[in-house]
Amino acid sequence: MTVDTPVRPAIFVGQEQMTLAPAPALAQWERDLIARLEIERALHQIESMHPNETISGSGDGWDDCDYAR
Amino acid sequence: MRVHEKSVRIAVVTHERDLHAHAVKAEMERRLPASVHIFETDHFGDGPGLSWSPQGLTEPVFPDAEGTRVDLRELDAVWFRRLGNTRTSANPEVTDPAHRELIDTDTRAAALGMLLTDFRGRWIDRPSSIWDAQNKVAQLRLAHELGVRIPETLVSQSPERIREFCGARPNAIVKAVQGVMQAPAGTITVGQELLADDAAMRLCPAIYQEFVPGRRHVRVQVFGDRVLAALLESDDLDWRPNLNIPAAEHTLPDAIEGALRAILRRLGLTMGVFDLKLTDEGEYVWLELNPQGQWLFVEGMTGLPLIDAFTGFLYGEATR
């Protein structure tokens, strides 16, 4: 999360940070997948995964592993 | 399960709540003679945790998400998907950001060291290969060298060079060289506000590229020999924030498939997820490679059998 600052890096000039729109059809597919594969862990009950999180189960942003070290 | 197939043990190195890992584990264990262990590396501290000794005073064991102790020496393959997680829900009682960073970095370092020291099976893919490959500067140079069409690009923090580059290329875009998990940033059009802000441009390099027109975005999953591509239709410059868009299976020309495979070979990777753009003139423009990019959502949007394909690929690597 960026905060009030007199100077911000170029990629943040004109945007705060990427925000994800809800994708209800994809979210429902993921819940169906969890049920179909009988994944025991209640991933679909995790509050942070609902309703915006439809990609990775890793938080509220997009994680293509760009940040890994 | 086919009885003549070899029984294997596979581990997924990842973090909490990784639906990719759980989906592949479920499919693999349903279909094939395999045990898949999920290592949630950000939750190692929940149980017995890690112990290691160069003198062999302890067994090189990781606890999996179900609490099973897994000897790294007995694994046939490791799917190295994610290591650590700066945004984990683990250890909520630790609130100092420096302390949380220490927990993450030292757990990652110890876990990586143990894997590099004691695991002897096949990597999907080797950490050093992944980390080298995901550097966008290196990717762009390699793609260019291999004759793949890439956007005209400037990586810079020089206001003068940036203004000159963007001034000659209407609607040029800017994106992060790597970015930070704490504040994911989308690809955006370079505006006059930025071009007038020397201090912002000087802080650190960013990637500036010519605008590639068109609404056809291509996400390509390469799993070993298999190439599965999807066409995502979006008027947005960056399709990721809004996935309520038309998506369908897409067939790439043989030459493009060959080029993507060549890029992976040069980078020492067995898999990768590519972002391309298909122009109105029918030209494929390479944007970037994600060595361990997300792909599950593509199956959800298109019906492409990616879980099935990836499971077969991973099992094949484990039995090679």
Side-chain angles (χ1 to χ4, degrees), chain A, chain B residues 15-20 22-23 25-27 30 65 81-87 89 108 130-131 134 136 157 162 174-176 178-186 188-189 191 193-194 197 199-201 203-204 206 238 240-244 273 290-294 296-297 299-301 307:
Chain A
M1 177 70 71
T2 56
V3 296
D4 283 344
T5 174
V7 184
R8 58 182 59 214
I11 64 165
F12 292 120
V13 176
Q15 68 172 334
E16 183 67 21
Q17 69 178 60
M18 186 166 65
T19 54
L20 305 182
L26 185 55
Q28 185 58 51
W29 176 84
E30 289 191 350
R31 288 171 178 79
D32 292 344
L33 174 73
I34 289 168
R36 177 167 61 83
L37 293 178
E38 299 178 334
I39 296 172
E40 293 179 5
R41 293 171 65 86
L43 293 173
H44 58 302
Q45 294 174 6
I46 295 171
E47 188 178 351
S48 69
M49 192 178 161
H50 175 80
N52 288 350
E53 188 168 352
T54 57
I55 308 303
S56 66
S58 62
D60 58 0
W62 183 277
D63 173 18
D64 250 343
C65 204
D66 296 331
Y67 321 112
R69 271 289 174 274
Chain B
H15 52 52
E16 63 182 3
R17 306 171 184 176
D18 183 354
L19 187 53
H20 285 73
H22 286 276
K25 172 181 168 65
E27 178 71 5
R30 183 183 67 80
R81 217 179 104 69
R82 301 285 184 272
L83 184 62
N85 177 10
T86 56
R87 301 186 305 177
S89 68
R108 283 192 285 118
I130 292 172
W131 294 331
Q134 68 191 13
K136 292 189 174 70
Q157 63 191 119
I162 294 166
V174 60
K175 63 181 185 179
Q178 178 167 310
V180 291
M181 182 69 88
Q182 290 82 356
I188 57 172
T189 302
E193 182 185 2
L194 172 57
D197 192 341
M201 289 185 277
L203 286 173
C204 62
D238 188 336
R240 294 174 300 169
N242 179 14
L243 295 177
N244 294 295
V273 179
N290 305 289
Q292 283 296 326
Q294 306 290 55
L296 188 60
F297 72 100
E299 176 159 338
M301 292 174 69
I307 299 171

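As a basis for the values below, the full set of heavy atoms in this structure was taken, side chains included, without hydrogen atoms, waters or symmetry mates. Here is the naming used below: chain letters follow the sequence lines, and residue numbers restart at 1 for every chain.
The contact between B/L194 and chain A is made by backbone and side chain atoms together, counting heavy-atom distances below 4.5 Å. Of the atoms belonging to B/E299, heavy atoms from both backbone and side chain fall under 4.5 Å from chain A. With a threshold of 4.5 angstrom between heavy atoms, B/I307 approaches chain A through side-chain atoms but not through N, CA, C or O.
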Hey, mind stepping through B/N244 and A/L26 against side-chain contact (heavy atoms from CB on, under 4.5 Å) and telling me if it holds?
CA-CA 8 Å; B/N244 294 295; A/L26 185 55; over 6 Å; no
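Each of A/P9, A/A10, A/A25 has some count of heavy-atom pairs under 4.5 Å with chain B, and the biggest count is that of A/A10.
Between B/E27 and A/L37, some side-chain heavy-atom pair lies under the 4.5 Å cut-off. The shortest distance between side-chain heavy atoms of B/L203 and A/V7 falls below 4.5 Å. The shortest side-chain heavy-atom distance between B/V174 and A/V13 does not fall under the 4.5 Å cut-off. When side chains are defined from C-beta on, B/M301 does not count as touching A/W29, because their heavy atoms never get closer than 4.5 Å.
Scored by the salt bridge (Lys or Arg N to Asp or Glu O under 4.0 Å) test, B/D238 finds B/R240 as partners (sequence neighbours excluded).
For the residue pair B/A200 and A/R8, the shortest heavy atom distance occurs at CB-O, 3.0 Å.
Note that CG of A/L33 is 11.5 Å distant from NE2 of B/H22, once rounded to the nearest 0.5 Å.
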